[in-house]
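Here the structure is laid out as C-alpha coordinates; the discussion comes afterwards.
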Amino acid sequence: MDMGIVLHALAAAGYALLTVLAWRAVSSHPEPRTGSAERLGLALVLIVHGLAVQQAMLGDGNLKLGFALGISAALWLGLVVFWAESLWVAIGGLRLWLMPLSVIGTVLPVIFPEGRVIAHADSGWLRVHLAIALAAYSMITIAALHALLMASADRRLHDISASNPPQPRHSARVYARLFDAVPPLLVLERLLFRLIWIGFVLLTLAVISGIVISESLSGTALPLDHKTVFTLLSWLTFGLLLLGRQVWGWRGRIALRWTLVGFAFLLLAYTGTRFVLEFILHR
(Lines give C-alpha, C1' and ligand atoms only; values in the text may rest on other atoms or scores of the structure.)
Protein backbone atom coordinates (compact mmCIF):
# COMPACT_ATOMS: atom_id res chain seq x y z
CA MET A 1 0.00 0.00 0.00
CA ASP A 2 1.16 3.55 -0.71
CA MET A 3 3.08 4.95 2.27
CA GLY A 4 1.40 8.34 1.88
CA ILE A 5 -2.02 6.73 2.36
CA VAL A 6 -0.86 4.74 5.39
CA LEU A 7 0.66 7.79 7.07
CA HIS A 8 -2.42 9.91 6.34
CA ALA A 9 -4.59 7.22 7.97
CA LEU A 10 -2.31 7.22 11.05
CA ALA A 11 -2.45 11.02 11.22
CA ALA A 12 -6.26 10.93 10.99
CA ALA A 13 -6.37 8.45 13.89
CA GLY A 14 -4.06 10.71 15.91
CA TYR A 15 -6.23 13.78 15.30
CA ALA A 16 -9.33 11.75 16.22
CA LEU A 17 -7.71 10.81 19.55
CA LEU A 18 -6.79 14.44 20.20
CA THR A 19 -10.40 15.42 19.43
CA VAL A 20 -11.67 13.01 22.09
CA LEU A 21 -9.12 14.30 24.62
CA ALA A 22 -10.07 17.91 23.89
CA TRP A 23 -13.78 17.19 24.44
CA ARG A 24 -13.03 15.38 27.69
CA ALA A 25 -11.04 18.38 28.87
CA VAL A 26 -13.97 20.68 28.10
CA SER A 27 -16.36 18.38 29.96
CA SER A 28 -14.24 18.46 33.12
CA HIS A 29 -13.23 22.13 33.11
CA PRO A 30 -15.09 25.21 31.79
CA GLU A 31 -11.87 26.86 30.56
CA PRO A 32 -9.54 24.03 29.56
CA ARG A 33 -5.90 24.71 28.77
CA THR A 34 -3.69 22.67 26.52
CA GLY A 35 -1.37 20.61 28.71
CA SER A 36 2.23 19.81 27.83
CA ALA A 37 1.35 16.16 27.18
CA GLU A 38 -1.41 17.11 24.72
CA ARG A 39 0.86 19.68 23.05
CA LEU A 40 3.54 17.01 22.66
CA GLY A 41 0.94 14.63 21.27
CA LEU A 42 -0.08 17.18 18.66
CA ALA A 43 3.58 17.70 17.73
CA LEU A 44 3.99 13.96 17.14
CA VAL A 45 0.84 13.79 15.02
CA LEU A 46 2.07 16.79 13.03
CA ILE A 47 5.33 14.95 12.33
CA VAL A 48 3.37 11.95 11.01
CA HIS A 49 1.11 14.24 8.98
CA GLY A 50 4.12 16.07 7.53
CA LEU A 51 5.72 12.78 6.50
CA ALA A 52 2.41 11.74 4.94
CA VAL A 53 2.32 14.89 2.82
CA GLN A 54 5.97 14.43 1.84
CA GLN A 55 5.43 10.82 0.79
CA ALA A 56 2.25 11.59 -1.11
CA MET A 57 3.88 14.48 -2.97
CA LEU A 58 7.38 13.12 -3.56
CA GLY A 59 7.31 9.44 -2.62
CA ASP A 60 7.59 8.05 -6.16
CA GLY A 61 10.25 10.52 -7.28
CA ASN A 62 7.78 12.79 -9.06
CA LEU A 63 6.11 15.92 -7.72
CA LYS A 64 2.38 15.23 -7.39
CA LEU A 65 -0.44 17.49 -6.31
CA GLY A 66 -4.20 17.14 -6.28
CA PHE A 67 -7.39 18.36 -4.64
CA ALA A 68 -7.26 16.22 -1.49
CA LEU A 69 -3.49 16.41 -1.11
CA GLY A 70 -3.57 20.20 -1.47
CA ILE A 71 -6.09 20.46 1.38
CA SER A 72 -4.02 18.11 3.55
CA ALA A 73 -0.80 20.05 2.96
CA ALA A 74 -2.49 23.41 3.59
CA LEU A 75 -4.06 22.08 6.78
CA TRP A 76 -0.72 20.72 7.99
CA LEU A 77 1.05 24.06 7.55
CA GLY A 78 -1.82 25.88 9.26
CA LEU A 79 -1.72 23.49 12.23
CA VAL A 80 2.02 24.02 12.59
CA VAL A 81 1.31 27.76 12.92
CA PHE A 82 -1.47 27.03 15.45
CA TRP A 83 0.87 24.82 17.49
CA ALA A 84 3.55 27.53 17.54
CA GLU A 85 1.00 30.23 18.44
CA SER A 86 -0.34 28.11 21.31
CA LEU A 87 3.08 28.29 22.99
CA TRP A 88 2.63 32.06 23.47
CA VAL A 89 -1.11 32.77 23.31
CA ALA A 90 -3.93 31.01 25.16
CA ILE A 91 -5.75 29.68 22.10
CA GLY A 92 -6.02 26.05 23.19
CA GLY A 93 -9.81 26.22 22.93
CA LEU A 94 -9.52 26.43 19.15
CA ARG A 95 -8.43 22.79 19.07
CA LEU A 96 -12.10 21.82 19.59
CA TRP A 97 -12.67 23.17 16.09
CA LEU A 98 -9.36 22.36 14.44
CA MET A 99 -8.97 18.71 15.47
CA PRO A 100 -12.22 17.46 13.86
CA LEU A 101 -11.37 19.43 10.70
CA SER A 102 -7.92 17.82 10.78
CA VAL A 103 -9.50 14.36 10.83
CA ILE A 104 -11.48 15.23 7.70
CA GLY A 105 -8.48 16.82 6.00
CA THR A 106 -6.27 13.76 6.54
CA VAL A 107 -8.96 11.26 5.58
CA LEU A 108 -9.52 12.93 2.18
CA PRO A 109 -6.15 11.78 0.69
CA VAL A 110 -6.98 8.24 1.84
CA ILE A 111 -10.32 8.32 0.01
CA PHE A 112 -9.08 10.36 -2.97
CA PRO A 113 -5.38 9.52 -3.41
CA GLU A 114 -5.33 10.60 -7.05
CA GLY A 115 -3.11 13.47 -8.07
CA ARG A 116 -1.39 14.76 -11.16
CA VAL A 117 2.33 14.91 -11.80
CA ILE A 118 3.54 18.51 -12.00
CA ALA A 119 5.39 19.30 -15.23
CA HIS A 120 8.90 20.81 -15.06
CA ALA A 121 9.20 19.58 -11.46
CA ASP A 122 12.97 19.29 -11.90
CA SER A 123 13.15 23.10 -11.81
CA GLY A 124 14.32 24.24 -8.39
CA TRP A 125 12.62 27.62 -8.83
CA LEU A 126 9.32 25.92 -9.62
CA ARG A 127 9.53 23.91 -6.41
CA VAL A 128 10.27 27.08 -4.45
CA HIS A 129 7.27 28.78 -6.07
CA LEU A 130 4.98 25.84 -5.25
CA ALA A 131 6.20 25.78 -1.64
CA ILE A 132 5.53 29.52 -1.23
CA ALA A 133 2.13 29.27 -2.94
CA LEU A 134 1.14 26.33 -0.75
CA ALA A 135 2.23 28.20 2.38
CA ALA A 136 0.18 31.24 1.31
CA TYR A 137 -2.84 29.05 0.61
CA SER A 138 -2.43 27.44 4.04
CA MET A 139 -2.34 30.75 5.90
CA ILE A 140 -5.35 32.12 4.06
CA THR A 141 -7.30 28.88 4.55
CA ILE A 142 -6.70 28.99 8.30
CA ALA A 143 -7.58 32.71 8.28
CA ALA A 144 -10.89 31.89 6.55
CA LEU A 145 -11.71 29.18 9.09
CA HIS A 146 -10.74 31.66 11.80
CA ALA A 147 -13.13 34.22 10.28
CA LEU A 148 -15.98 31.70 10.24
CA LEU A 149 -15.32 30.92 13.91
CA MET A 150 -15.35 34.63 14.75
CA ALA A 151 -18.62 35.13 12.87
CA SER A 152 -20.20 32.25 14.80
CA ALA A 153 -18.91 33.57 18.13
CA ASP A 154 -20.17 37.07 17.30
CA ARG A 155 -23.60 35.71 16.42
CA ARG A 156 -23.70 33.79 19.70
CA LEU A 157 -22.92 36.96 21.67
CA HIS A 158 -25.72 38.80 19.88
CA ASP A 159 -28.13 35.92 20.59
CA ILE A 160 -27.24 36.00 24.28
CA SER A 161 -27.58 39.78 24.51
CA ALA A 162 -30.92 39.64 22.68
CA SER A 163 -32.13 36.96 25.12
CA ASN A 164 -33.25 34.66 22.35
CA PRO A 165 -35.09 31.52 23.41
CA PRO A 166 -32.66 28.75 24.42
CA GLN A 167 -32.03 25.77 22.20
CA PRO A 168 -33.01 22.25 23.28
CA ARG A 169 -31.01 21.19 26.31
CA HIS A 170 -28.56 18.77 24.68
CA SER A 171 -27.76 20.89 21.63
CA ALA A 172 -27.48 24.01 23.79
CA ARG A 173 -24.95 22.26 26.03
CA VAL A 174 -22.83 21.15 23.06
CA TYR A 175 -23.11 24.60 21.46
CA ALA A 176 -22.04 26.30 24.69
CA ARG A 177 -19.04 24.01 25.12
CA LEU A 178 -17.76 24.86 21.67
CA PHE A 179 -17.81 28.60 22.33
CA ASP A 180 -16.95 28.74 26.02
CA ALA A 181 -13.49 27.36 25.20
CA VAL A 182 -12.89 29.92 22.44
CA PRO A 183 -10.64 32.94 23.26
CA PRO A 184 -12.22 36.43 23.40
CA LEU A 185 -13.13 38.09 20.10
CA LEU A 186 -10.42 40.74 20.44
CA VAL A 187 -7.77 38.02 20.78
CA LEU A 188 -9.24 36.19 17.78
CA GLU A 189 -9.23 39.39 15.74
CA ARG A 190 -5.54 40.05 16.46
CA LEU A 191 -4.72 36.49 15.42
CA LEU A 192 -6.85 36.85 12.28
CA PHE A 193 -4.97 39.89 11.03
CA ARG A 194 -1.65 38.30 11.90
CA LEU A 195 -2.60 35.33 9.72
CA ILE A 196 -3.79 37.64 6.95
CA TRP A 197 -0.55 39.64 7.00
CA ILE A 198 1.53 36.47 6.78
CA GLY A 199 -0.72 35.06 4.06
CA PHE A 200 -0.64 38.31 2.07
CA VAL A 201 3.17 38.52 2.17
CA LEU A 202 3.43 34.87 1.07
CA LEU A 203 0.81 35.40 -1.64
CA THR A 204 2.76 38.41 -2.92
CA LEU A 205 5.92 36.31 -3.09
CA ALA A 206 3.94 33.54 -4.83
CA VAL A 207 2.67 36.00 -7.47
CA ILE A 208 6.18 37.40 -8.07
CA SER A 209 7.81 33.96 -8.26
CA GLY A 210 4.97 32.75 -10.47
CA ILE A 211 5.60 35.57 -12.92
CA VAL A 212 9.30 34.69 -13.05
CA ILE A 213 8.60 30.97 -13.55
CA SER A 214 5.92 31.58 -16.19
CA GLU A 215 8.21 33.94 -18.09
CA SER A 216 11.06 31.43 -18.09
CA LEU A 217 8.95 28.39 -19.04
CA SER A 218 6.38 29.82 -21.45
CA GLY A 219 7.59 33.30 -22.30
CA THR A 220 4.39 34.83 -20.87
CA ALA A 221 4.60 36.65 -17.54
CA LEU A 222 0.87 36.70 -16.75
CA PRO A 223 -1.13 34.12 -18.71
CA LEU A 224 -4.82 35.01 -18.64
CA ASP A 225 -6.04 31.69 -17.26
CA HIS A 226 -8.43 31.11 -14.36
CA LYS A 227 -5.61 30.47 -11.88
CA THR A 228 -3.88 33.79 -12.59
CA VAL A 229 -7.08 35.85 -12.62
CA PHE A 230 -8.51 34.47 -9.37
CA THR A 231 -5.12 34.57 -7.61
CA LEU A 232 -4.72 38.26 -8.50
CA LEU A 233 -8.28 38.98 -7.37
CA SER A 234 -7.51 37.28 -4.04
CA TRP A 235 -4.27 39.25 -3.68
CA LEU A 236 -6.09 42.51 -4.43
CA THR A 237 -8.87 41.70 -1.94
CA PHE A 238 -6.48 41.02 0.93
CA GLY A 239 -4.38 44.05 0.02
CA LEU A 240 -7.45 46.30 0.18
CA LEU A 241 -8.51 44.69 3.47
CA LEU A 242 -5.14 45.42 5.08
CA LEU A 243 -5.20 48.96 3.68
CA GLY A 244 -8.72 49.45 5.04
CA ARG A 245 -7.56 48.18 8.42
CA GLN A 246 -4.71 50.68 8.56
CA VAL A 247 -6.49 53.71 7.06
CA TRP A 248 -10.15 53.33 8.04
CA GLY A 249 -9.87 50.93 10.97
CA TRP A 250 -11.86 48.12 9.37
CA ARG A 251 -12.67 45.35 11.80
CA GLY A 252 -15.49 43.08 12.89
CA ARG A 253 -17.96 41.95 10.26
CA ILE A 254 -16.43 44.05 7.47
CA ALA A 255 -13.07 42.34 7.97
CA LEU A 256 -14.71 38.91 8.13
CA ARG A 257 -16.57 39.46 4.85
CA TRP A 258 -13.44 40.63 3.01
CA THR A 259 -11.48 37.66 4.40
CA LEU A 260 -14.04 35.17 3.15
CA VAL A 261 -14.28 36.85 -0.27
CA GLY A 262 -10.48 36.75 -0.66
CA PHE A 263 -10.44 33.09 0.35
CA ALA A 264 -13.24 32.27 -2.11
CA PHE A 265 -11.17 33.76 -4.96
CA LEU A 266 -8.14 31.71 -3.91
CA LEU A 267 -10.28 28.58 -3.63
CA LEU A 268 -11.52 29.12 -7.18
CA ALA A 269 -7.94 29.64 -8.34
CA TYR A 270 -6.88 26.12 -7.46
CA THR A 271 -8.73 23.71 -5.17
CA GLY A 272 -12.22 24.22 -6.55
CA THR A 273 -10.99 23.90 -10.12
CA ARG A 274 -8.91 20.82 -9.34
CA PHE A 275 -11.95 19.19 -7.70
CA VAL A 276 -14.04 19.74 -10.85
CA LEU A 277 -11.26 18.50 -13.16
CA GLU A 278 -10.30 15.44 -11.09
CA PHE A 279 -13.60 14.15 -9.74
CA ILE A 280 -16.24 15.47 -12.11
CA LEU A 281 -14.50 15.70 -15.49
CA HIS A 282 -11.84 13.03 -14.66
CA ARG A 283 -9.07 15.08 -16.25
message = Could you go through L232 and T228, starting from their C-alpha distance and side-chain angles, then the distance that decides it, and tell me whether this counts as side-chain contact (heavy atoms from CB on, under 4.5 Å)?
response = CA-CA 6 Å; L232 290 177; T228 301; 4.0 Å; yes
How many angstroms lie between [atom1] in [X] and [atom2] in [Y], if you round to the nearest 0.5 Å?
{"X": "L51", "Y": "M3", "atom1": "CG", "atom2": "CE", "result": "10.0 Å"}
{"X": "L69", "Y": "Q55", "atom1": "CG", "atom2": "CD", "result": "11.5 Å"}
{"X": "L18", "Y": "R39", "atom1": "CG", "atom2": "CZ", "result": "12.5 Å"}
{"X": "M99", "Y": "I104", "atom1": "CE", "atom2": "CD1", "result": "12.0 Å"}
{"X": "L202", "Y": "L77", "atom1": "CG", "atom2": "CG", "result": "9.5 Å"}
{"X": "H49", "Y": "Q54", "atom1": "NE2", "atom2": "CD", "result": "12.5 Å"}

task = For I213 and V128, run side-chain contact (heavy atoms from CB on, under 4.5 Å): C-alpha distance rounded to whole Å, both residues' side-chain angles, the deciding distance at 0.1 Å, then the answer.
result = CA-CA 10 Å; I213 290 294; V128 170; over 6 Å; no
Looking only at heavy atoms, what is the nearest atom pair of [X] and [Y], with distance?
{"X": "A12", "Y": "V103", "answer": "O-CG2, 3.9 Å"}
{"X": "A73", "Y": "L134", "answer": "CB-CD2, 3.5 Å"}
{"X": "A68", "Y": "F112", "answer": "CB-O, 3.6 Å"}
{"X": "L79", "Y": "S102", "answer": "CD1-OG, 3.2 Å"}
{"X": "K227", "Y": "A269", "answer": "CG-O, 3.6 Å"}
{"X": "A143", "Y": "I196", "answer": "CB-CG1, 4.1 Å"}

Applying a strict under-4.5 Å side-chain criterion to I, L, V, M, F, W and Y, I'd like to know whether [X] and [Y] cluster together.
{"X": "W248", "Y": "L192", "value": "yes"}
{"X": "I208", "Y": "I140", "value": "no"}
{"X": "V53", "Y": "I111", "value": "yes"}
{"X": "I254", "Y": "V247", "value": "yes"}

With a 4.5 Å cut-off on side-chain heavy atoms, are [Y] and [X] touching?
{"X": "T231", "Y": "L203", "value": "yes"}
{"X": "L10", "Y": "T106", "value": "no"}
{"X": "T259", "Y": "L241", "value": "yes"}
{"X": "L240", "Y": "L236", "value": "yes"}
{"X": "M139", "Y": "V201", "value": "no"}
{"X": "F82", "Y": "I142", "value": "no"}
{"X": "L242", "Y": "F193", "value": "yes"}
{"X": "H146", "Y": "L188", "value": "yes"}

task = Would you please test L191 and M150 for side-chain contact (heavy atoms from CB on, under 4.5 Å) and show each step?
result = CA-CA 11 Å; L191 290 174; M150 288 179 62; over 6 Å; no
query = Pick one: which of V229, L266, L268 meets side chain to side chain contact (heavy atoms under 4.5 Å, CB included) with S234?
reply = L266
ask   = Sub-3.5 Å donor-acceptor pair from the side chain of S209 to the main-chain atoms of A206, do we have one?
value = yes
query = Short question: side chain of S138, backbone of A74 - any donor-acceptor pair under 3.5 Å?
reply = yes
inquiry  = Quick one, W235 with T204, criterion side chain to side chain donor-acceptor pair (under 3.5 Å). Give me CA distance, side-chain angles, the key distance, then yes/no.
reply    = CA-CA 7 Å; W235 178 83; T204 302; 2.8 Å; yes
remark   = Those residues at least two apart in sequence (or on a different chain) that pass side chain to side chain donor-acceptor pair (under 3.5 Å) with T19 are none
Side-chain donor-acceptor pair present, S72, H8, cut-off under 3.5 Å = yes
request  = Inspect the contact between R245 and E189 and indicate whether a charged nitrogen and a carboxylate oxygen are less than 4.0 angstrom apart.
outcome  = yes
request  = Evaluate side-chain contact (heavy atoms from CB on, under 4.5 Å) for Y15 paired with L101, printing each intermediate quantity in order.
outcome  = CA-CA 9 Å; Y15 288 130; L101 289 173; over 6 Å; no
